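Position 1 is the first residue of the sequence, and the numbers go up from there. Values in this document were obtained by computation on a predicted structure and should not be read as measured data.
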Amino acid sequence: MPVPDAPATGVPSDPSGPTAAVPARPSQLDPAIAARLRRNADGLVAAVVRAHDTGEVLMVAWMDDEALHRTLTTGRATYWSRSRREYWVKGATSGHHQYVRSVALDCDGDALLVTVEQVGAACHTGERTCFFTELPVTSPEEL
């Protein structure tokens with residue numbers, strides 16, 4: 001469901017601190033949760049998504065306050081598309097749904113761990129996970 005961008009309002013509570021920009025789009029996220037988020041300059045927090053049954057990391061996406069609110073209140077993984085500049089519910093067009101089992105905020109407030117029941121592929125390429133390309137690593141013993 002596209003949501004038009006609204007002008008950013010307000011400023012971080014402590015401009016000298018490491019907190020990121022306040023959300024640019026209106027949200028109904030619980031203010032106590034919103035206060036704990038450390039957003040990037042675009043008002044986003046990284047969401048690492050893992051499979052409930054295996055613990056496998058499936059993908060990384062972005063959430064703003066409203067995407068997090070929708071995820072927490074609907075049980076459906078909702079993200080902010082940086083390229084399309086709109087909200088998207090995982091599986092709405094692909095049929096590869098993510099049913100949310102839990103959401104955890106990391107200790108710094110700048111990342112979310114979203115645990116889901118994944119139906120179908122998580123990656124837009126059709127792969128189960130977005131992390132299917134292994135890179136070569138040199139072990140210290142080989143140096």
Side-chain angles (χ1 to χ4, degrees), residues 1-140:
M1 162 186 322
V3 174
D5 283 353
T9 58
V11 295
S13 57
D14 177 8
S16 64
T19 57
V22 295
R25 289 162 292 280
S27 176
Q28 295 182 37
L29 182 63
D30 179 333
I33 296 172
R36 297 185 63 191
L37 297 177
R38 291 175 45 149
R39 302 162 195 83
N40 69 12
D42 295 322
L44 303 173
V45 175
V48 177
V49 183
R50 72 173 173 180
H52 169 73
D53 55 350
T54 65
E56 175 182 30
V57 176
L58 300 173
M59 58 181 273
V60 175
W62 295 95
M63 290 186 177
D64 67 357
D65 289 33
E66 183 59 17
L68 179 55
H69 168 72
R70 293 178 188 190
T71 297
L72 294 172
T73 59
T74 67
R76 299 289 305 278
T78 304
Y79 306 106
W80 176 254
S81 170
R82 295 177 299 162
S83 60
R84 294 187 313 266
R85 308 219 26 94
E86 66 185 21
Y87 295 102
W88 56 281
V89 176
K90 183 67 173 171
T93 57
S94 68
H96 298 173
H97 300 282
Q98 291 178 341
Y99 299 102
V100 178
R101 294 292 191 97
S102 67
V103 178
L105 183 62
D106 82 333
C107 59
D108 295 322
D110 60 1
L112 298 161
L113 179 60
V114 183
T115 303
V116 301
E117 181 180 331
Q118 179 69 48
V119 175
C123 185
H124 71 279
T125 65
E127 296 285 338
R128 171 155 172 82
T129 173
C130 293
F131 297 95
F132 57 86
T133 304
E134 292 283 332
L135 301 177
V137 175
T138 303
S139 68

Is a side-chain N or O of K90 found less than 3.5 angstrom from the main chain of R76, in a donor-acceptor match? no
For A32, is there any backbone N or O sitting under 3.5 Å from a side-chain donor or acceptor partner on D30? yes
Going by heavy atoms in the side chains, are Y87 and S81 under 4.5 Å from each other? no
Stepwise, does the side-chain contact (heavy atoms from CB on, under 4.5 Å) test hold for F131 with V60? CA-CA 10 Å; F131 297 95; V60 175; 3.8 Å; yes
R36 CZ to D106 CG distance, which is reported to the nearest 0.5 Å: 9.5 Å
Contact between W62 and D42 at the side-chain level, heavy atoms closer than 4.5 Å - yes or no? no
Which pair of non-hydrogen atoms, one from M63 and one from V114, has the smallest distance, and what is that distance? CE-CG2, 4.0 Å
Taking T71 for the side chain and T78 for the main chain, is one N or O donor matched with an acceptor at less than 3.5 Å? yes
Identify, with sequence neighbours excluded, every residue that meets side-chain contact (heavy atoms from CB on, under 4.5 Å) alongside T73. H69
So do the side chains of V103 and L113 get within less than 4.5 Å of each other, counting heavy atoms only? no
Going by atom types only, do R101 and T115 share a side-chain donor-acceptor pair under 3.5 Å? no
Rounded to the nearest 0.5 Å, how far does CG of L112 lie from OG of S102? 11.0 Å
Does a side-chain heavy-atom distance below 4.5 Å link L72 with L29? yes
Could you name each residue pair satisfying ring pair (Phe, Tyr, Trp, His ring centres under 6.0 Å) that touches residues 98-123, not counting sequence neighbours? H97-Y99
How close do M59 and W88 get, counting heavy atoms only, and between which atoms? CE-CH2, 3.9 Å
What I'd like to find out is whether the side chain of L44 reaches to under 4.5 Å of the side chain of R82, using heavy atoms alone. yes
Taking it one step at a time, do R25 and R85 satisfy side-chain contact (heavy atoms from CB on, under 4.5 Å)? CA-CA 11 Å; R25 289 162 292 280; R85 308 219 26 94; 4.0 Å; yes
Could you check W80 against E66 for side-chain contact (heavy atoms from CB on, under 4.5 Å), going step by step and ending with a plain yes or no? CA-CA 9 Å; W80 176 254; E66 183 59 17; over 6 Å; no
So, does T129 use its side chain to make a donor-acceptor pair with the main chain of V57 at under 3.5 Å? yes
Measuring only between side-chain heavy atoms, which start at C-beta, is L68 closer than 4.5 Å to L37? yes
Identify, with sequence neighbours excluded, every residue that meets salt bridge (charged side-chain N to carboxylate O under 4.0 Å, His left out) alongside R128. D53, E56
What closest approach, in Å, do L105 and A111 show between heavy atoms, and which atom pair accounts for it? CD1-O, 3.6 Å
Do Y79 and Q98 have side-chain atoms, one donor and one acceptor, less than 3.5 Å apart? yes
Would you check if the side chain of H96 reaches a backbone N or O of A121 as a donor-acceptor pair within less than 3.5 Å? yes
